[in-house]
Amino acid sequence: MRFVKYVRPVAVPAVIISAVAPKELNISDSLSIKGVAKTVAANAMSYYSGTPEKFVDLPQPYYWWQAGALMGSMLDYSHYTGDHSYDKLIARGLLDQVGPDFDYMLPTHFGQEGNDDQAFWGMSVMAAAERNFPQPDPNVPGWLDMGANIFDSLAGRWNTTACQGGLLWQIFASNPNGLDYKNTVSNGGFFQIAARLARATGNKTYSDWAEKVWDWTEGIGMIDKFGNVYDGAHASKDCKDTNPVTFSYSASIYIYGAAVMADVTQDKKWTERTERMVEASRSFFSPFENATNIMYEHACEQVDKCNQDMRSFKAYFSRFVYAAARYVPSIKPAIEELWHTSVEAAAKTCTGGASGTQCSHKWYTGAFDGNPGLGQEMSALETIQGLLALDAEAPLKGGEIKTVRAFADQNAVKGDSETASGPAPTPTSESDSAAGSQTEAGTHTSGGLRRRTVPVKGWW
């Protein structure tokens with residue numbers, strides 16, 4: 001156990017936010033932004049039927065990874081607005097999926113879990129760690145330790161049998177189509193988690209891995225000299241057949257990872273890389289001359305080919321670019337130019353359904369397009385609430401990161417919080433990681449963090 005020092009947490013008063021219809025949004029008023037975010041967050045959570053006692057999979061056609069992504073959106077909502085009313089649902093959602101080795105390799109979801117899926121849960125886990133989000137179960141490691149476990153699991157599948165490295169899209173033979181494809185969302189998720197662990201722990205092994213994954217992605221041609229992030233390439237062709245399709249979420253995952261590395265290393269190259277990718281991301285705006293600076297998913301949106309996954313991509317695009325501005329302030333003018341227009345456009349589409357607040361997909365239409373869904377709500381939510389990102393507390397690191405047991409609405413009592421002391425989470429060695437590249441699940445040890453215990457469900 002790394003948690004040895006008990007401290008008394010400070011009770012946090014409840015924040016009361018009045019819901020505001022999205023069409024009434026005033027982007028210059030933080031209370032208006034929070035009120036609209038509250039409305040859209042409720043819309044998004046209407047797709048999730050879990051409780052503070054039990055995680056429930058999202059209904060079809062939504063996949064398991066998107067539940068992890070939804071938890072990330074709601075972690076942002078809690079942190080940016082101060083409204084903690086969903087915190088117990090979020091904690092349960094995250095903790096019920098940890099898996100037997102506390103690395104989000106969950107046997108019940110192996111049929112649909114790829115490296116990108118695990119990475120999306122991992123990015124949400126890292127957000128929880130960096131914000132001291134409550135982790136009330138003493139039988140489960142803290143968020144930071146589980147972030148390290150996820151890193152170890154991903155590193156164990158670094159595959160050098162083709163393309164000189166990289167993660168395959170899929171993990172298991174039951175998903176054979178992705179076992180011949182190395183994609184940027186999987187490798188970008190690994191890159192970002194490594195960068196965030198480097199910042200959180202100060203452990204150079206993580207920053208070395210972040211450098212390695214970036215160098216591989218750029219060297220193989222999946223990131224070009226202009227900062228475009230392409231979808232992937234086939235291992236059977238030694239990754240010489242780069243798929244030129246670009247998606248907003250892949251770009252943003254690398255953008256935020258690069259921005260974090262700029263903070264970790266203070267090396268100007270990471271600032272320049274972040275700036276270059278943000279500039280290249282202008283391709284995801286202005287679909288028509290009369291829709292200047294409005295965000296869209298150009299690979300699929302105008303031709304009505306976006307699937308349920310793709311309809312959520314703008315959520316992660318916004319989430320990570322807003323967050324990147326903390327470490328690379330030079331991108332703020334681009335955010336003001338592009339995202340502020342998109343925020344207002346997104347809000348104008350949130351007039352559907354019986355509530356008159358459901359959001360839709362095509363923001364450039366200026367109205368609800370009759371196409372609601374979870375991804376549409378998440379995209380609007382992250383784009384709107386991201387306006388508050390830089391006013392919220394910065395991600396914590398080092399000794400600031402603790403395991404907090406109490407929720408904001410609980411009375412503070414002794415023992416509700418534990419301070420992480422001792423060495424930071426240590427990744428497996430590169431040689432150990434490489435040894436797992438031929439296995440389906442990349443089995444390897446990670447010290448005392450991988451305790452096979454049954455989580456206790458009654459923690460509040």
Side-chain angles (χ1 to χ4, degrees), residues 12-52 58 62 66-94 124 127-128 131 133-134 295 311-312 314-319 322-323 339-340 342-361 363 367-368 372-393 407-410:
V12 180
V15 173
I16 299 175
I17 298 170
S18 298
V20 176
K23 65 182 180 181
E24 304 298 333
L25 176 65
N26 177 357
I27 68 170
S28 299
D29 181 353
S30 63
L31 289 178
S32 175
I33 296 167
K34 291 179 181 180
V36 171
K38 179 174 183 174
T39 298
V40 182
N43 289 346
M45 289 300 283
S46 71
Y47 289 85
Y48 177 66
S49 59
T51 70
L58 292 170
Y62 304 107
Q66 205 161 344
L70 174 62
M71 298 304 152
S73 293
M74 296 308 296
L75 282 164
D76 283 355
Y77 173 77
S78 175
H79 189 62
Y80 295 160
T81 68
D83 178 3
H84 300 291
S85 57
Y86 294 101
D87 284 5
K88 292 179 183 179
L89 280 170
I90 299 167
R92 170 56 69 202
L94 290 172
S124 294
R131 296 166 180 172
F133 186 77
M295 189 188 303
R311 291 170 192 165
S312 72
K314 288 182 281 191
Y316 325 122
F317 186 29
S318 293
R319 177 196 301 178
Y322 279 126
W339 267 264
H340 288 193
S342 294
V343 167
E344 294 178 324
K348 288 178 181 177
T349 74
C350 298
T351 59
S355 66
T357 63
Q358 282 188 335
C359 303
S360 56
H361 184 49
W363 298 348
F368 183 72
L374 174 59
Q376 292 87 317
E377 301 295 347
M378 291 170 62
S379 293
L381 176 62
E382 291 276 28
T383 304
I384 293 167
Q385 70 187 9
L387 293 170
L388 305 168
L390 298 187
D391 294 327
E393 184 180 11
F407 289 90
D409 63 350
Q410 290 177 319

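Treat the numbers as computed from the prediction; the structure is a model and nothing was measured. Quick note: numbers below take in every heavy atom, side chains included, and nothing from hydrogens, waters or symmetry partners.
Take Glu382 and apply the salt bridge (Lys or Arg N to Asp or Glu O under 4.0 Å) test, not counting sequence neighbours, and it matches Arg319. Residues meeting the side-chain hydrogen bond (donor to acceptor under 3.5 Å, both in side chains) test with Ser85, sequence neighbours left out: Asp83. Contacts of Lys314 classified as side-chain hydrogen bond (donor to acceptor under 3.5 Å, both in side chains), with partners at least two apart in sequence or in another chain: Glu301.
To the nearest 0.5 Å, the span separating OH on Tyr80 from CD on Glu393 amounts to 12.0 Å. A distance of 13.0 Å separates NZ of Lys348 from OG of Ser360, quoted to the nearest 0.5 Å. The SG atom of Cys350 sits 9.5 Å away from the CG atom of Leu381 when rounded to the nearest 0.5 Å. One distance of note links CG of Asp76 with CE of Met71; it measures 13.0 Å at 0.5 Å rounding. Taking CD of Glu24 as the reference point, atom CG of Asp29 lies at 12.0 Å (rounded to 0.5 Å).
Formation of a donor-acceptor pair under 3.5 Å by the His361 side chain with backbone atoms of Gly375 is not found in this model. Tyr86 contributes no side-chain N or O that, together with a main-chain N or O of Met74, makes up a donor-acceptor pair within less than 3.5 Å. Panel note: side chain Thr349, backbone Phe368; no donor-acceptor pair is recorded below 3.5 Å. Under a 3.5 Å cut-off, the side chain of Arg131 and the backbone N or O of Ser78 do not form any donor-acceptor pair. Not a single donor-acceptor pair under 3.5 Å links the side chain of Gln358 to the backbone N or O of Gln376. Checked by atom type and distance alone, the side chain of Glu377 pairs as donor or acceptor with a backbone atom of Cys359 at under 3.5 Å. Of the possible donor and acceptor atoms, none in the side chain of Thr351 sits under 3.5 Å from a partner among the backbone N and O of Ala367.
Within the 4.5 Å cutoff, the side chain of Tyr322 has heavy atoms near those of the Leu387 side chain. Inter-residue side-chain proximity for Lys88 and Phe407 is flagged as met; some heavy-atom pair is nearer than 4.5 Å. A 4.5 Å side-chain heavy-atom check between Trp363 and Thr383 finds at least one atom pair inside the cut-off. Residues Lys38 and Thr81 fail the side-chain proximity criterion, which asks for heavy atoms closer than 4.5 Å. Between Leu374 and Met378, some side-chain heavy-atom pair lies under the 4.5 Å cut-off.
Across every non-hydrogen atom of Tyr48 and Gly93, the tightest pair is OH-CA, 4.0 Å. Considering every non-hydrogen atom in both Pro134 and Ala91, the closest pair reads O-CB, 4.1 Å. For Pro22 against Val40, the heavy-atom pair with the smallest separation is CG-CG2, 4.0 Å. Annotation for Leu388 and Ser30: closest pair CD2-CB, 4.1 Å, computed over non-hydrogen atoms. Between Ser355 and Thr357, the shortest heavy-atom contact is OG-OG1, 2.7 Å. For Val343 against Ile27, the heavy-atom pair with the smallest separation is CG1-CG2, 3.7 Å.
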Inset, instruction - Could you go through the side chain to side chain contact (heavy atoms under 4.5 Å, CB included) check for Ile33 and Leu25 one step at a time? - result: CA-CA 6 Å; Ile33 296 167; Leu25 176 65; 4.1 Å; yes
Legend entry - Residue pair Leu75, Leu94: steps toward the side chain to side chain contact (heavy atoms under 4.5 Å, CB included) verdict: CA-CA 11 Å; Leu75 282 164; Leu94 290 172; 4.2 Å; yes
Inset, instruction - Please step through side chain to side chain contact (heavy atoms under 4.5 Å, CB included) for the pair Leu70 and Tyr47, ending with a clear verdict. - result: CA-CA 10 Å; Leu70 174 62; Tyr47 289 85; 5.9 Å; no
